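Scroll down for the structure; my scribbles are underneath it.
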Amino acid sequence: MNTPESRVLDTRPAVDGWFEEDPPALVADRCPQCATLRFPPRGTWCPDPRCAAIADERTVLSAHGTIWSYTDARYQPPPPYVAPVDPYEPFVLAAVELPEGITVLGQMAEGTTVDDVSVGDAVHLVIETLFVEDGVAHRMWRWARSEENAR
C-alpha cells in the first residue's frame, strides 16, 4: 500500500523546541527567580508580572497528567494550522493538568473522540505524525488515554 507514511524519508518536529521525542516530553520555560512555568517556551522574561527576572531556563515537564477539560474541534482552524487529511476531520482538544501545576492544551491522540474521554481521565504524552510533506513526517505531541481509565 502506498500511503503517505510509506513514503517517509525523514522526520522532524512540526514545532521546534516545544517537545522532545525520546522519551516523549514537553519543554517549558521556568523562571530561575520565582519558578513560574510557561508553555509553550518563549524565553527572555518571566510571565509573572510580580517578578522582574529577564531570563528563563528550559525544563522538561511531566509526560503524565489529568484531563481538566476537553472539547472537539468541529471546524478547521485557520492557517497556519495544517489539516493532516482532506477533507478535514474533527479532533479532540484537551486541557491537561500536569503535576507541576500547569495546564497544557493539546490535541488527543489520533482516533480519540469526545465519547472516549472524561474530565479526570489520566493521560500520557505520545508523539504522532501530524502530516507528511515531500517525504518528511512532521511530528507533534498529543495526549493519549492511560490504561488506568478502563471503563
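Remember, it's a predicted structure, so these values are computed and weren't measured experimentally. These values consider heavy atoms only, across backbone and side chains, with no hydrogens, waters or symmetry-generated copies.
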Closest heavy-atom pair and its distance - [X], [Y]:
X	Y	result
Ala52	Gln33	N-NE2, 4.3 Å
Pro41	Ala28	CB-C, 4.2 Å
Trp141	Val104	CH2-CG1, 3.7 Å
Ala95	Leu105	N-CD1, 4.0 Å
Val92	Thr113	CG2-C, 3.4 Å

Cluster link [X] to [Y], ILVMFWY, side chain under 4.5 Å:
X	Y	value
Phe39	Val27	no
Phe19	Phe131	yes
Val114	Val96	yes

What about Phe91 and Trp143, are their ring centers closer than 6.0 Å?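 Ring centroids of Phe91 and Trp143 are no less than 6.0 Å from each other.
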Say you draw a straight line from [atom1] of [X] to [atom2] of [Y]; how long is it, rounded to the nearest 0.5 Å?
X	Y	atom1	atom2	result
Thr11	Ile127	OG1	CD1	10.5 Å
Ser146	His124	OG	NE2	5.5 Å
Leu125	Leu98	CG	CG	9.0 Å
Glu57	Cys31	CD	SG	8.0 Å
Asp116	Tyr70	CG	OH	10.0 Å

Partners passing salt bridge (charged side-chain N to carboxylate O under 4.0 Å, His left out) against [X] (at least two apart in sequence or in another chain):
X	value
Asp56	Arg38
Asp10	Arg12
Arg58	Asp29

Among Thr112, Thr66, Ile67, side chain to side chain contact (heavy atoms under 4.5 Å, CB included) partner for Val123: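 Answer after filtering Thr112, Thr66, Ile67: Ile67.
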Please step through side-chain contact (heavy atoms from CB on, under 4.5 Å) for the pair Met108 and Leu93, ending with a clear verdict. CA-CA 6 Å; Met108 290 294 293; Leu93 287 172; over 6 Å; no
Hey, does the side chain of [X] reach the backbone of [Y] with a donor-acceptor pair shorter than 3.5 angstrom?
X	Y	value
Glu100	Ser62	yes
Arg145	Ala122	no
Glu128	Glu110	yes
Asp72	Arg74	no

Side-chain touch [X]/[Y], heavy atoms, less than 4.5 angstrom:
X	Y	value
Pro24	Val126	no
Arg30	Thr36	no
His138	Val132	no

Are side-chain N/O atoms of Arg139 and Thr129 paired as donor and acceptor at under 3.5 Å?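 Present: a donor and an acceptor within the cut-off.
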With a 6.0 Å cut-off (strictly less than), is the heavy-atom count around CH2 of Trp68, excluding the residue itself, greater than 12?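 At most 12 heavy atoms, drawn from other residues, nucleotides or ligands, come within 6.0 Å of this atom.
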Does the side-chain contact (heavy atoms from CB on, under 4.5 Å) test come out yes or no for Leu61 and Leu37, once each step is laid out? CA-CA 9 Å; Leu61 298 174; Leu37 290 169; 4.0 Å; yes
